[in-house]
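Take a look at the structure set out below.
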Amino acid sequence: DIQMTQSPASLSASPEEIVTITCQASQDIGNWLAWYQQKPGKSPQLLIYSATSLADGIPSRFSGSRSGTQYSLKISRLQVEDTGIYYCLQRYSNPWTFGGGTKLELK
Amino acid sequence: QVQLKESGPGLVQPSQTLSLTCTVSGFSLTSNSVHWVRQPPGKGLEWVGAIWSGGSTDYNSALKSRLSISRDTSKSQVFLKMNSLQTEDTAIYFCTRNGRITYYFDYWGQGVMVTVSS
C-alpha cells in the first residue's frame, strides 16, 4: 500500500498568515493527489485535485504544488473559516489512501 | 442537484453483518462511480471500496475478505455489506461520488454512524 505521511499533525496560525501542509508519498504517484478540508461534524470538501487544480467554488487563496513525491497545500491570507482538518488523498493505486490529517486552528 | 444519503442501522453486534444503503440523486450510477469511506470517531479517513460506473468493484485489501459492494441502478442505490464486524469497525460511513472531471470525490453524503457493540 502507498503510505501518505502528512505533516504537521496540527498547527496554529494567525489570520492573514500563510500556511503550508505537506504530504510525502512512499512512492511515485504522479499527480494523482487531492486535498480535502473537513469541518467538525461535516463531510470532507474537495479543495485541490490532480495535485494543483483548484476545485469549483474554492477560493484562490488555496493552492497545491508538487516536488517529486512531496505534495503541498498552501493557504495564503488565512481566514477564520479555514479552520478544520485537512487531508491528502492518493488514488494512484488500490487501496486509495489518505494522509493522517492536519488540524488547523487560528490564533 | 447531486445528493447522496446513507442509511442503515446505528448499532450492530460484534460478529454480525453490517448492511448500508446509499441512495443517490442528480446523477446516474452508470455515469459515476460511488465509493465508501469510513472514519472512526476522532480519527482519520479510510477508503473502504468502490463500485465503478460499469459495475465492477474494488475493495480495500484490508477489508476485502469481509466486504461486498453492489448496486441497483433502477433505484439509484448502492449497497455495502460487511460481515464479521468488530469494535474497530465502529465509524462514520460515508458514501461519495467520484467526479468525471476531477476524478476525485466531489460530492459526499452526510455519513451514518455505525457502532459495533453488544
Side-chain angles (χ1 to χ4, degrees), chain A residues 1-10 21 23 25-26 29-58 62 64 66 71 73 84-104, chain B residues 1-7 20 22 24 26-27 32-52 56-67 69 82 91-113:
Chain A
D1 297 1
I2 295 176
Q3 307 302 318
M4 302 302 297
T5 302
Q6 191 170 338
S7 62
S10 65
I21 299 167
C23 266
S26 60
I29 60 170
N31 285 331
W32 292 104
L33 183 113
W35 290 96
Y36 288 85
Q37 177 197 61
Q38 186 178 32
K39 292 186 174 288
K42 299 294 186 182
S43 306
Q45 179 182 22
L46 180 65
L47 301 174
I48 300 289
Y49 64 96
S50 299
T52 61
S53 298
L54 193 65
D56 286 348
I58 302 302
F62 291 89
R66 170 194 173 191
Y71 301 79
L73 173 70
I85 301 178
Y86 291 80
Y87 296 94
C88 63
L89 166 68
Q90 71 80 20
R91 61 152 289 168
Y92 179 80
S93 70
N94 185 348
W96 299 17
T97 45
F98 291 88
T102 295
K103 185 174 184 179
L104 173 60
Chain B
Q1 68 278 28
V2 173
Q3 291 185 324
L4 302 93
K5 185 169 185 177
E6 306 88 349
S7 58
L20 296 177
C22 175
V24 311
F27 70 98
N32 293 77
S33 61
V34 170
H35 298 236
W36 291 92
V37 173
R38 70 181 183 177
Q39 185 170 38
K43 296 190 176 181
L45 301 164
E46 180 183 31
W47 179 77
V48 173
I51 187 159
W52 298 94
S56 61
T57 53
D58 271 321
Y59 303 127
N60 188 317
S61 50
L63 304 171
K64 188 172 184 176
S65 63
R66 303 192 288 131
L67 187 61
I69 297 175
M82 185 182 300
I92 299 171
Y93 285 75
F94 297 98
C95 61
T96 177
R97 185 188 86 158
N98 204 46
R100 295 181 67 191
I101 295 175
T102 67
Y103 295 104
Y104 290 89
F105 310 139
D106 57 0
Y107 287 89
W108 296 66
Q110 63 192 20
V112 59
M113 181 67 205

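A note on names: the letters A, B, ... follow the listed sequences, proteins ahead of strands, and every chain is numbered from 1.
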Measure [X] against the heavy atoms of chain B and call it side chain, backbone, both or neither at under 4.5 Å.
X	value
Ser50(A)	both
Ala34(A)	both
Asp56(A)	neither
Pro44(A)	both

Part of [X] within contact of chain A (heavy atom distance under 4.5 Å):
X	value
Glu46(B)	backbone
Phe105(B)	both
Lys43(B)	backbone
Val37(B)	side chain

**Q.** Ring-face cation of Arg38(B) near Phe94(B) (centre distance under 6.0 Å, axis angle within 45°)
**A.**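 Relative to the ring axis of Phe94(B), which defines the angle, Arg38(B) lies outside at least one limit.
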
(Q) Less than 4.5 Å apart, side chain to side chain, heavy atoms only: is that true for Phe27(B) and Arg100(B)? (A)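 No, side chains not in contact.
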
Q) Is the shortest heavy-atom distance from the side chain of Glu6(B) to the side chain of Leu20(B) under 4.5 Å? A)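 The answer is no; the side chains never approach within 4.5 Å.
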
Answer yes or no: is there a donor N or O on one side and an acceptor on the other, between the side chain of [X] and the main chain of [Y], under 3.5 Å?
X	Y	value
Gln6(A)	Tyr86(A)	yes
Asn32(B)	Asn98(B)	yes
Asn60(B)	Trp47(B)	yes

Q.
Please identify, among Leu46(A), Leu89(A), Asn94(A), Thr97(A), the residue contributing the most non-hydrogen atom pairs under 4.5 Å to chain B.
A.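 Heavy-atom pair counts peak at Asn94(A).
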
Q. With respect to chain A, which residue among Tyr104(B), Tyr107(B), Tyr103(B) yields the maximal number of heavy-atom pairs within a distance under 4.5 Å?
A.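 Of Tyr104(B), Tyr107(B), Tyr103(B), Tyr104(B) has the most heavy-atom pairs under 4.5 Å with chain A.
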
**Q.** CA sep, side-chain torsions, deciding dist, call: Val48(B), Leu67(B), side chain to side chain contact (heavy atoms under 4.5 Å, CB included)
**A.** CA-CA 9 Å; Val48(B) 173; Leu67(B) 187 61; 3.5 Å; yes

